[in-house]
Amino acid sequence: MIENSSSEPKIVKPKVPNTERISLMTKPRLILRSVLAVLGLVTIYSLVTIDMAGLKLKDAFHSLGLNLNAMFLHPNVGQDSWSVLLRGLSTSIALTLLTTLLGAVIAFFIAVFSARNLSPTWVANTLKAVMAFIRSIPTIIWVLIYSAVMGLGANAAVVGLTFHSIAYLVKAYSESIEETPQATIEALKASGVRFWPIIFQAILPSIVPALLSWTFIRFEINFANAVAVGAAAGADDIGYYLFMASGFYFDFHEVGLIVYLLLGFAIILELISMRLRGHYLKSN
Amino acid sequence: MLKVNQLDKTYGQDKHSLKSVSFTAQPGEVTAIIGPSGAGKTTILRSVNQLIRDDGGQILLDDQDIRQANKAELRKIRHHIGMIFQNYNLISPLTALENVLHGRLGAKSTLAGMFGLYSTAEKTEALALLTEVGLKDYAYQRCDQLSGGQQQRVGIARALMQHPKMILCDEPIASLDPKSTKIVMDILRQLAREKQLIILINLHQIDIAMDYADHIVGINDGAIVFEGPTEQVNEAVLQKIYRQSADAKVKVAANES
Amino acid sequence: MKAKYSSPQQFFRQRRMRLTVVLVILLLIYFGSVLLVNFNTFSSLAQIPAGLVWLFKTFIPNQHTTTYLGPIFYQLWRTLIVSISSTICAALLSLIFAVLGAKTTSPNRVLQLTVRFGASLLRNIPVVAWAMILLFSFKQSDFTGFLALFFMTLGYLTRAFTETIEDLDTEKLHALQAVGANYFQCVFCGVLPEAASTMTSWVLYMIENNIRDATLVGILTGTGIGFLFNQYFKSIRYDAAGLIVLLIAALVIVLELTSTQIRRAIA
Ligand SMILES: Nc1ncnc2c1ncn2[C@@H]1O[C@H](COP(=O)(O)OP(=O)(O)OP(=O)(O)O)[C@@H](O)[C@H]1O
Ligand SMILES: [Mg+2]
């Protein structure tokens, strides 16, 4: 449309744009607009009927402003000590590392069987459906469910977090596997190579960058989840102190400090992921 | 010696792609299969190592019928049949050397294959083969950094690493320029002569086939219409191989309208 | 290029060394983490099947469960529309930020950096922190959940939209500028229509994601479906809790399928 209108002299505006607009309402556009319209209507309905619990918005935002001020401009360790908070943070990081590594290894093997180009269709589809089901249930619910089985604590947290990671990574990994060209796999099959050697010698090397990048994305998600698990299921990590500081002691100075710690770690993660990506772009 | 007897293949219900195909290919010779697009060249080649399961006939490699082999036997037979593709089909992030060594994977146990455990002798041999195809200096280069002609030569070295009795080539030069074409074809002919390999090769370029092949198999619409030494190929034979069947003409017309 | 290695053996030795180093580092990280969080790998993994069995035994809704259907459906519906509205509100704002912040359309560099920094800040504050910060001022209301999801989504979508705009073909933009279109004409006729379908995909993805996060926010702030789940779960009404889990799963899956269809249709 851009090229057309630019090649047209400006004076003949009246009729041309009209006919163009009609031809522009193609089916995809129509669907796009209807989807956006529906979402917009739902939004308006939701905002009109939302439960404010008798809130006075002005007061609430005023208090939020005060809290943000306390958090970001005057952070301190509050009830806990630096060592406690740092230990909490390192527990969260350890939880993240553990669940990501465990999830990645297990997910890879499941992904091999859920890739359509490697496994019988019915096996692949069944596995994919199971994973979609696990994925659709929020991580925190898995953690709570496992804490009911295994008792509250680190074990339940790890298992619950890993569970969701696996389901997420299986989807990502198996899609990466499916993207490797069938022909290269066939070339090795044609020389009599067995199944697992093909996986490890041909497919794995081709998809390492994709796997790394997905695993890293999951690592970030797992960190957020680890903090959440501390807050909602009482694992002894930074999330727990965050929950206590804001929900019990109402100490926003400490909340501020914890948020700064989390931000600091997030920034380090972002830098590492940029370096990793840069490294792979260079070697490609 | 490769002897194909009355091979039949039907895709789906009624797509009769190979009609009782029979021909032979001798060690030490380059045998070229030529014919129009869609005639069934690829289908023949892929039936020979059973990447495609055909419907009936015999494929005798040194008097062993490949079609009768069970899964384990088939793997063993395939290990001694090299295959070269139009698009090379190398593992692109790996080095040329590693791709050549993949030719030995078929001979290894699952575990040794998984971890890519190669003996010193195998590694030395791989380098020697790369040297043989003129790629000594590129051994440690990633394959996606090589030119098409170089990649095809890596593909040949990989096939040789299998210690093959036979090499199947499906349009190995279709993506190459004339210079690389000559290099690749020279190598293939030399291999046939020196190592007494059976070289079976699908070609679109008649001139190349005439230059390099010792034996020509002409196929049209799934049926062999000519088989004989290259000297016997003349204008009339080519006419016969490349003629469009009345059937095909109707189909083409129907497709175009 | 000349060969960098004197022999294949040396090449493979170096390869193996690198692989070994990576594996050793990963193992160290693993066991370090195991020690730190006090995790028992084998006994825990061994309990996974038992956990699933337990789940399928106790989390099965029964006849009695139907009495809970009313509140569950109501909260599910609220969760759905709050997820949608927080995403849409955030998307509208993100759109403005993204146009101001994307390299190709940004009016000036300071604005560009500010938008990037702000988005990164919003995104990297965990949703838990949002929920807890907002809870104090906005109390136990749906609005708290709405705001928590809103801020986090704002961070994500601003980044996603910025990247979408930057990925667009700059040629077209230049062509428009060459014809003499002004800034707003450029943005509204050149950028937004091109980016609309990718952006809508992102919006759909965030809605899905927000439903899952809404559960967490609900547990933390005592609202919505999360609160209901927590309540049933803690009072050992597992049949009702199980029903909630099933319904959330169904909702997310239906949404996922719908958005896949929509994505395909608008691509
Ligand atoms: N997987 C398949 N399913 C159905 N029909 C097929 C399939 N593969 C090939 N065919 C048909 O079998 C016939 C022979 O195909 P084949 O690929 O062997 O031809 P070819 O001689 O290699 O052609 P080209 O020179 O274009 O590569 C063609 O008519 C083709 O349409
Ligand atoms: Mg072919």
Side-chain angles (χ1 to χ4, degrees), chain A residues 2-3 6 27-28 31-32 35-36 39-40 42-43 45-47 50-53 55 60-61 63-64 67-68 71 90-91 94-95 97-98 101 132-133 136-138 140-141 144-146 149-150 154-155 158-159 224 227-228 231-232 239 242-243 246-247 250 255 258-259 262-263 266-267 270, chain C residues 26 29-30 32-34 36-40 44 47-48 50-51 54-55 81-82 84-85 88-89 121 124-129 132-143 146 172 175-176 179 189-190 196-197 200 212 215-216 219-220 229 233 245 248-249 252-253 256 262 265-267:
Chain A
I2 294 152
E3 279 83 24
S6 62
K27 206 171 163 210
I31 292 174
L32 182 73
V35 167
L36 291 180
L39 292 179
V42 171
T43 303
Y45 170 76
S46 154
L47 289 182
I50 201 161
D51 160 37
M52 299 284 230
L55 266 182
F61 275 106
S63 120
L64 178 65
N67 291 339
L68 288 177
M71 280 171 57
S90 49
T91 308
L95 213 53
L97 286 167
L98 196 59
L101 276 178
F133 176 73
S136 65
I137 297 172
I140 189 65
I141 288 190
L144 288 175
I145 287 172
Y146 270 100
V149 185
M150 309 163 72
N155 288 345
V158 173
V159 170
V227 176
L242 179 64
F243 182 73
S246 57
F250 304 117
V255 173
I258 294 176
V259 168
L262 297 175
L263 275 177
I267 288 169
E270 196 125 19
Chain C
L26 288 180
I29 289 178
Y30 185 81
S33 310
V34 162
L36 251 174
V37 301
N38 223 343
F39 174 63
N40 197 330
S44 301
Q47 286 192 46
I48 287 183
W54 180 83
L55 181 66
I81 63 174
V82 165
I84 292 178
S85 57
I88 295 295
C89 293
L121 201 69
N124 283 320
I125 296 178
V127 68
V128 182
M132 298 315 296
I133 295 166
L134 294 163
L135 178 61
F136 184 81
S137 309
F138 294 88
K139 311 293 180 242
Q140 281 195 1
S141 66
D142 276 358
F143 197 61
F146 170 85
K172 287 200 174 146
L176 265 187
V179 203
C189 301
S197 65
T200 310
R212 272 180 292 228
T215 315
L216 171 65
I219 292 177
L220 291 171
F229 173 81
F233 189 74
V245 173
I248 292 178
V252 172
I253 289 175
E256 216 177 299
I262 294 177
I266 64 178

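So that the names make sense, note that chain A is the first sequence line, chain B the second, and so on, each numbered from 1. All values reported here derive from a predicted model rather than from experimental measurement. Hydrogens, waters and symmetry mates are skipped; everything else that's a heavy atom, side chains included, is used.
- Closest approach of A/L262 to C/P126, counting heavy atoms only: CD1-CG, 3.3 Å.
- Note that OG of A/S90 and CG of C/L36 are 5.5 Å apart. Values are rounded to the nearest 0.5 Å.
- Between atom CZ of residue C/F146 and atom CD1 of residue A/I50 there is a gap of 6.0 Å, rounded to the nearest 0.5 Å.
- Contacts between C/I125 and chain A at a heavy-atom distance below 4.5 Å involve backbone atoms as well as side-chain atoms.
- Both the backbone and the side chain of A/F133 come within contact range of chain C, each with at least one heavy atom under 4.5 Å from a heavy atom of that chain.
- Considering only heavy atoms from C-beta on, A/N67 comes within 4.5 Å of C/S137 through its side chain.
- Residues A/V259 and C/A129 share a closest heavy-atom pair of CG2-CB, 4.0 Å.
- Put simply, of A/T43, A/V227, A/I31, the one with the most heavy-atom pairs under 4.5 Å next to chain C is A/T43.
- Heavy-atom distances place the side chain of A/L101, and not its backbone, under 4.5 Å from chain C.
- Put simply, CG on A/L98 and CD1 on C/I29 are 11.0 Å apart, with the number rounded to the nearest 0.5 Å.
- Proximity to chain C is limited to the side chain of A/L36, based on heavy atoms less than 4.5 angstrom apart.
- The candidate with the highest count of non-hydrogen atom pairs below 4.5 Å against chain C, out of A/L47, A/I258, A/I145, A/V159, is A/I145.
- Looking at heavy atoms from C-beta onward, A/S246 lies out of side-chain contact with C/L135 at the 4.5 angstrom threshold.
- Interface residue C/Y30: backbone and side-chain heavy atoms are both found under 4.5 Å from chain A.
- Here the shortest heavy-atom pairing between A/P28 and C/I266 reads O-CG2, 3.7 Å.
- Contact annotation: the side chain of C/V128 approaches that of A/L242 to within less than 4.5 Å [non-hydrogen atoms, C-beta and beyond].
- Here the CD1 atom belonging to A/I141 is positioned 4.0 Å from the CD1 atom belonging to C/I248, to the nearest 0.5 angstrom.
- Among A/L97, A/I267, A/L144, A/L68, the residue making the largest number of heavy-atom pairs under 4.5 Å with chain C is A/L144.
- Proximity to chain C (any heavy atom under 4.5 Å) is shown, for A/N155, by both the backbone and the side chain.
- For the side-chain hydrogen bond (donor to acceptor under 3.5 Å, both in side chains) test, no residue two or more places apart in sequence or in another chain qualifies with C/S33.
- The choice from A/L39, A/V35, A/V255 that makes the most heavy-atom pairs within less than 4.5 Å of chain C is A/L39.
- Comparing A/A60, A/G247, A/A266 by heavy-atom pairs within less than 4.5 Å of chain C, the highest count is held by A/A60.
- Here the closest non-hydrogen pair linking C/G51 and A/Y146 is CA-CE2, 3.8 Å.
- Taking the side chain as every heavy atom from C-beta outward, C/S44 and A/V158 never approach each other to under 4.5 Å.
- When the candidates C/D142, C/V252, C/T215, C/L220 are compared by the number of heavy-atom contacts under 4.5 Å with chain A, C/D142 comes out ahead.
- Only the side chain of A/Y45 comes within contact range of chain C, with at least one heavy atom under 4.5 Å from a heavy atom of that chain.
- In terms of heavy atoms, A/A154 sits closest to C/V37 at CB-O, 2.9 Å.
- With contacts defined as side-chain heavy-atom distances shorter than 4.5 Å, the pair C/I133/A/L64 qualifies.
- Nearest heavy atoms, A/F243 versus C/M132: CD1-CE, 3.6 Å.
- With a threshold of 4.5 angstrom between heavy atoms, A/L95 approaches chain C through its backbone and through its side chain.
- Taking the six-membered ring for Trp and thresholds of 30 and 60 degrees, C/F136 and A/F250 have ring planes inclined between 30 and 60 degrees apart.
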